[in-house]
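Presented below is the structure to which this report refers.
Numbers restart at 1 for each chain; the letters A, B, ... are given by sequence-line order, proteins then strands. Predicted, not measured: the structure shown is a model, and the values here were computed from it.
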Number of protein chains: 2
Amino acid sequence: MDLVKREQSALEGLEALCHAKGLRITGQRRVIVQILMDADDHPDADELHSMVRKVDRSISIATVYRTLQVLEQMNIVAKRDFGDGRARYEISVGQRDHHHHMIDIESGEVIEFYNQELEDLKMRIADELGFDLVDHHLELFGTRLASAGD
Amino acid sequence: MDLVKREQSALEGLEALCHAKGLRITGQRRVIVQILMDADDHPDADELHSMVRKVDRSISIATVYRTLQVLEQMNIVAKRDFGDGRARYEISVGQRDHHHHMIDIESGEVIEFYNQELEDLKMRIADELGFDLVDHHLELFGTRLASAGD
DNA sequence: GTGATATTGATAATCATTATCAATTGATAT
DNA sequence: ATATCAATTGATAATGATTATCAATATCAC
């Protein structure tokens, strides 16, 4: 899915779901979704707030927190925990249902990856345990391998 | 490993590692490790503090937090995040290097499991991404399957 | 345009966790 | 057994991320 269509689908997702659930589509919410769609990292609430205020300086930090919670409940945004003491966020509409993160513990860099075998295994493990898988958290933490030429 | 030997190995682990790192083996630390060894759940710091105070009511919450951090650094205790807004802890000495958790989102029950295939896959994915795996967080969240007889 | 109600901004409050510092304790040398 | 020293502790203030409160504002159906 190219970027423009992805952006459109997130906003359309926002509008459709808000309408379905009797929630308002406010300017603040549009801005927040737009900023997250344009982000290529996983900002925390404070970072997101800084970017949002560049578009509309009246939007408050409380609105950012509340809106993130609403968007998460609607599965437009995914909440992540990379172990640095605060929640981080990214758009989830228009992408694969899940992807995972490898965090470079030296640089802090976050590499996204998808692995179908892992998806299958999770489902199988849940089934073996007698559960219907609803959600999961997976983050890998590692250090860059020294290449053979190093 | 039966329970008594497991308990002994955690305390022995505490003593050996403290000595190796020039740290004191204090009464508070022994109590905290003992309580965690006896726990069959994953208490948060406050729950652990309540149990610890039944043994020695002078031990402060700050000591519990500091001690948990030290024990985590020494790999005697593992810190977990089950998504309920606070850290949870369990003994890791004397057990498999890793195990994972399935959290029943309806009851809050935590089921521990180990899956060798998952361990292998994690290592393989890390390698494919160019990383040396150092740590990971994995929690599965689900709801109990209705059995065929239900 | 109006009425109903969801949402907002500003900030106080909450909560889990950590920092501070004087007092205490553990380990070691003698 | 005692002295010494530095790690550790208890009590609590402080911190930072997040949430609650409430009057004011904005959205949306009609």
Side-chain angles (χ1 to χ4, degrees), chain A residues 11 14-35 42-74 76-89, chain B residues 11 14-35 42-74 76-89:
Chain A
L11 277 175
L14 173 66
E15 292 178 11
L17 283 162
C18 280
H19 198 279
K21 295 188 174 184
L23 304 175
R24 306 292 166 82
I25 301 154
T26 65
Q28 294 90 335
R29 290 176 177 178
R30 290 177 190 276
V31 171
I32 287 167
V33 167
Q34 186 70 57
I35 299 277
H42 310 79
D44 63 32
D46 197 55
E47 290 164 349
L48 181 58
H49 185 222
S50 297
M51 292 182 282
V52 153
R53 281 175 59 85
K54 287 172 181 169
V55 175
D56 180 345
R57 66 178 303 99
S58 74
I59 298 181
S60 78
I61 185 68
T63 294
V64 171
Y65 274 102
R66 276 191 300 252
T67 301
L68 286 168
Q69 187 177 352
V70 168
L71 295 172
E72 187 195 355
Q73 283 165 357
M74 294 194 285
I76 293 174
V77 156
K79 190 179 195 179
R80 307 293 185 196
D81 175 9
F82 295 161
D84 58 358
R86 68 194 73 103
R88 291 183 171 278
Y89 301 88
Chain B
L11 277 175
L14 174 66
E15 292 179 9
L17 283 162
C18 280
H19 199 278
K21 297 188 173 185
L23 303 176
R24 307 291 166 81
I25 303 155
T26 66
Q28 295 91 336
R29 291 174 177 178
R30 292 177 189 276
V31 170
I32 288 167
V33 167
Q34 187 70 57
I35 299 277
H42 310 78
D44 63 32
D46 198 55
E47 289 163 352
L48 181 58
H49 184 223
S50 297
M51 291 182 284
V52 153
R53 279 174 60 84
K54 286 171 182 169
V55 175
D56 179 345
R57 67 178 301 101
S58 75
I59 296 181
S60 79
I61 185 67
T63 294
V64 171
Y65 273 102
R66 275 191 301 250
T67 302
L68 285 169
Q69 187 176 353
V70 168
L71 295 172
E72 188 195 354
Q73 282 165 359
M74 293 194 285
I76 293 175
V77 156
K79 190 178 193 180
R80 307 293 185 194
D81 175 9
F82 296 161
D84 59 357
R86 66 194 70 104
R88 291 185 171 276
Y89 302 87

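For A:R24 against C:dT5, a side-chain N or O and a base N or O form a donor-acceptor pair under 3.5 Å.
Using a cutoff of 4.0 Å between basic side-chain nitrogens and carboxylate oxygens, B:E15 and B:R29 are not scored as salt-bridged.
Between A:L23 atom CG and C:dT7 atom P there is a gap of 5 Å when expressed in whole angstrom units. Distance A:Q73 CD to D:dT19 P: 11 Å, rounded to the nearest Å. To the nearest angstrom, C1' of D:dT8 lies 12 Å from CD1 of B:I32. Distance CG (B:D46) to P (C:dT14): 16 Å, rounded to an integer number of Å.
One distance of note links CG of A:L23 with NZ of A:K21; it measures 7.5 Å at 0.5 Å rounding.
Out of D:dT9, C:dT7, D:dT19, the shortest distance to the side chain of B:R66 is found at D:dT9. Taking every side-chain heavy atom of B:A62 into account, D:dT12 is the closest of D:dA7, D:dT12, C:dT17. With distances taken from any side-chain atom of B:R86 to the nucleotides C:dA10, C:dA16, D:dT9, the minimum falls on C:dA16. Out of C:dT20, C:dT8, D:dT8, the shortest distance to the side chain of B:T26 is found at D:dT8.
Checking B:R29 against B:R53, the closest nucleotide of DNA chain D that is more toward the 5' end is the one next to B:R29. Each of B:Q69 and B:G27 was assigned the nucleotide of DNA chain C with the nearest heavy atom; the assignment lying further toward the 5' end belongs to B:Q69. Nearest-nucleotide positions on DNA chain C place B:K79 closer to the 5' end than the other of B:K79 and B:I25.
Applying the 4.0 Å criterion to OP1 and OP2 of C:dG26, one finds that B:H19 has every side-chain N and O outside that range. The side chain of A:H49 contributes no N or O atom lying less than 4.0 Å from OP1 or OP2 of C:dA10. Checking the phosphate oxygens (OP1, OP2) of C:dT18, no side-chain nitrogen or oxygen of B:Y65 falls inside 4.0 Å.
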* Between A:F82 and A:H42, does a ring-ring contact (aromatic ring centres under 6.0 Å, His included) hold up when you go through it step by step? -> CA-CA 10 Å; A:F82 295 161; A:H42 310 79; 5.3 Å; yes

* Begin with the C-alpha distance, continue with both residues' side-chain angles, and end with the deciding distance and a verdict on side chain to side chain contact (heavy atoms under 4.5 Å, CB included) for B:L14 and B:L71. => CA-CA 8 Å; B:L14 174 66; B:L71 295 172; 3.6 Å; yes

Taking only distance into account, with no hydrogens and no angle test, what donor-acceptor pairs under 3.5 Å do side-chain atoms of residues 45-53 of chain B form with protein atoms, sequence neighbours excluded?
from  : atom 1 : to    : atom 2 : distance (Å)
B:E47 : OE1    : B:D44 : N      : 2.9
B:E47 : OE1    : B:R88 : NH1    : 3.2
B:H49 : NE2    : B:I59 : O      : 2.9
B:H49 : NE2    : B:I61 : N      : 3.4
B:S50 : OG     : B:D46 : O      : 3.2
B:R53 : NH1    : B:R57 : O      : 2.8

